[in-house]
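Quantities reported herein were computed from a predicted structural model and do not represent experimental measurements. All residue numbers refer to positions in the sequence shown, counting from 1. Just so you know, ligand 1 is whichever comes first in the structure, and atom 1 is the first atom listed for that ligand.
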Amino acid sequence: MKRPVRSRKLFERARQILPGGVDSPVRAFQAVGGVPHFIRRASGATIEDVDGNRFIDYVMSWGPLLHGHAPRGLVRAVAAAARLGTSFGAPTALELDLGERVRALMPSMERIRFVSSGTEATMSAVRVARACTRRDKIVKFAGCYHGHGDGFLVKAGSGATTLGVPTSPGVPAPVAADTLLARYNDIRSVEALFEAHPGTIAAVVVEPIAGNMGVVAPADGFLQGLRALATRHGALLIFDEVISGFRASAGGAQGIFGVTPDLTCLGKIIGGGFPVGAYGGRADIMDLVAPAGPVYQAGTLSGNPVAMTAGLWALARLAPALYRDLARRGAMLALGLAQAARAEGVRLQVNAFGSVLTPFFTDVPVRDYDSALTANTGAYATFFHGMLARGVYAPPSQFEAWFLSAAHTDRHVQQTIRAARGAMKEVARVI
Ligand code: KE4
C-alpha cells in the first residue's frame, strides 16, 4: 500500500471546514488511529483512494450497497431519472411504485412514509408511537443505535430500571429520561422496565439483528418475547431494520423470524446508495401522520425521483440466489477469519448473520453490549491496519458490521482470508 500522502493533506484541509474533518464521526478513524483514506472512486467490491491504493471494501458505505458500488444498471437508471428532473417537491408515481414494492416485501408496512435518512425514520416512528399510545417513554437496548435523534443518545442511568441519561451534550436530561435502557437478548430486563413504569411506555425499539455493537443475532425467542410483552402492556413494537431490511432477507429480519412489528424503520438499501429512509406499519397508526392525521413530519427531498429510482432498481434485484450467495460467502469469510486467528493463538469470536459479520477480539461469546465490550479494541486496531496494508478496507471500529455485497466473489473472500492470516500474525505480536 502506498503511503496516504494525498489523504493526509486532504484530511488537514478537511479539519479546517468539517468538524473532525468528516461528515460522520466513524469515518475519522479515531477508533483505530491513523489518517482516514479519502476515496476517489469505487466499483463492485473495490474502492480506490486518492493515493491510488485499491482495497476490497467491507464498509460498503455502511450497508446500502447490497449490489456493490455503482452497478452499471443503477447508474444508467438514475442518470435517466435525473435528466427528467432531480426533485419536484410534488408527488410522483415513483414513490408509489417503491412504497408498493416495500409493502410487497414487508406486508406489515401497510402504510409508508419516505424520508431521507434512517435517523429521520426512527425519530418519526417514535413520534407516531407516542401520539398513538399517548405515552412518552421508549425502551431501547444498550449497544443498539437508531441514528442521532435526541431520545436515542442515551445510556443507562444507575441501576437497570432507572431513567436514561444523555450520552451527548445538547440532549436535554428530561428527553433522555424518557428513554429506558434494556439489555439485548435479555427479555427479563424488558419485563422489569414494564413493571417499573406501568402504563407509560409507548414503544420498544430494537434492531432485530443488531449491527451497531458489532453483529449480534437475536437469541431464540427474544423477538417473539418482545412482541408478546409489547402487546400485553399496550406498547408498540418498532423494528429498526435500517441495516437488516432487505439484507437479512428480501423481507428483512421480520421475514426471517416471523415477528410482526407495529412499525418498521428502513434506510440504507432502500435507497440503493442514495439518501432514503422510510418508516411505516399498521395503517391505523400511520394514518395519524400529517396530512392524514395530526402528527407532523415533513421533508424537502423526501421521495425525490432520483433516489426513488435507485431504490426501485435495488429492490427489483433481490432474488433468493443472491441471499444464498451472500450467506455462503459470509460464512466462508467468518470461518476464514476464525481459522486465521486460531493459527496465531489470537482470541476471536466471529458473529455472522448472512452477509454481515463482526470479528470480536475476545474469547467471550458476544450476545449483548456488555460482552461486546470485552473485545480488545487495540487488537482490532492492529488487525484493521494489517488488513489495510494488505488491500482490505474493514470498518474502522471494532463495534461495527462488515458488509458483503453481490459484487464480492469467492476470490475476494479468499484474498481477504489470506490478508487476515498476515494481519493476525501482527496482532499476535502485540497482544
Ligand atoms: P442514518 O441516519 O445514518 O441514515 O441511519 C441511522 C441508523 C439507524 N438505525 C440503524 C440500525 C443504523 O445502523 C443507522 C446508521 N448506521 C451507521 C453505521 N453503524 C451509519 C454510519 C455512520 O453513522 O456514519
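Within the listing of ligand 1, atoms 10 (C), 11 (C), 12 (C), 13 (O), 16 (N), 18 (C), 19 (N) sit less than 4.0 angstrom from a heavy atom of Asn212. Atoms of ligand 1 lying under 4.0 Å from any heavy atom of Glu400, numbered from 1 in the order shown and given with element: 18 (C), 19 (N). Per-residue contacts place Ser24 under 4.0 angstrom from the following atoms of ligand 1 (heavy atoms of the residue considered): 22 (C), 23 (O), 24 (O). Those atoms of ligand 1 that come under 4.0 Å of a heavy atom in Gly147, given as number and element, are 6 (C), 7 (C), 8 (C). Counting the atoms of ligand 1 from 1 in the order shown, those under 4.0 Å from a heavy atom of Glu207 are 11 (C). Below 4.0 Å from some heavy atom of Ile243 lie the following atoms of ligand 1, by number and element: 13 (O). Per-residue contacts place Ser117 under 4.0 angstrom from the following atoms of ligand 1 (heavy atoms of the residue considered): 2 (O), 4 (O).
Distance check on atom 19 (N) of ligand 1: some protein heavy atom falls below the 4.0 Å cut-off.
Below 30°, between 30° and 60°, or above 60°: for Trp402 and Phe383 the angle between ring planes is below 30°, a parallel geometry. Ring pair Phe399/Tyr369 is perpendicular by interplanar angle, where above 60° counts as perpendicular and below 30° as parallel.
Of all protein heavy atoms, the one closest to atom 9 (N) of ligand 1 is Asp240 OD2, 2.7 Å. The protein non-hydrogen atom at the shortest distance from atom 4 (O) of ligand 1 is Gly118 N, 3.0 Å. Among protein heavy atoms, atom 10 (C) of ligand 1 sits closest to Tyr145 O, 3.3 Å. In terms of protein heavy-atom proximity, atom 21 (C) of ligand 1 is nearest to Trp62 CG, 3.7 Å. Residue, atom and distance of the protein heavy atom nearest to atom 2 (O) of ligand 1 are Thr119 OG1, 2.7 Å.
Using a 4.5 Å heavy-atom threshold, the side chains of Asp368 and Asp186 count as separate.
Ring-centre distance between Tyr58 and Tyr393: not below the 6.0 Å cut-off. Phe29 and Phe11 have their aromatic ring centers separated by at least 6.0 angstrom. Between Tyr380 and Phe360, the distance from one ring center to the other does not fall under 6.0 angstrom.
In terms of polar-atom proximity, defined here as any N/O pair under 3.5 Å, Lys268 does make such a contact with ligand 1.
Taking a cutoff of 4.0 Å between a charged side-chain nitrogen and a carboxylate oxygen, Glu12 and Lys9 do not qualify as a salt bridge.
Applying the side chain to side chain donor-acceptor pair (under 3.5 Å) test between Asp49 and each of Arg54, His37, Arg41 identifies His37 as the sole match.
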Q: Begin with the C-alpha distance, continue with both residues' side-chain angles, and end with the deciding distance and a verdict on side chain to side chain donor-acceptor pair (under 3.5 Å) for Thr260 and Gln254.
A: CA-CA 6 Å; Thr260 302; Gln254 58 193 271; over 6 Å; no

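Residue Val26 places a heavy atom less than 4.0 Å from ligand 1.
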Identify all side-chain donor-acceptor contacts of residues 284-294 below 3.5 Å with residues at least two apart in sequence or on another chain.
unit_1, atom_1, unit_2, atom_2, d
Asp284, OD1, Arg282, NE, 2.9
Asp284, OD2, Arg282, NH2, 2.6
Asp287, OD1, Arg111, NE, 3.1

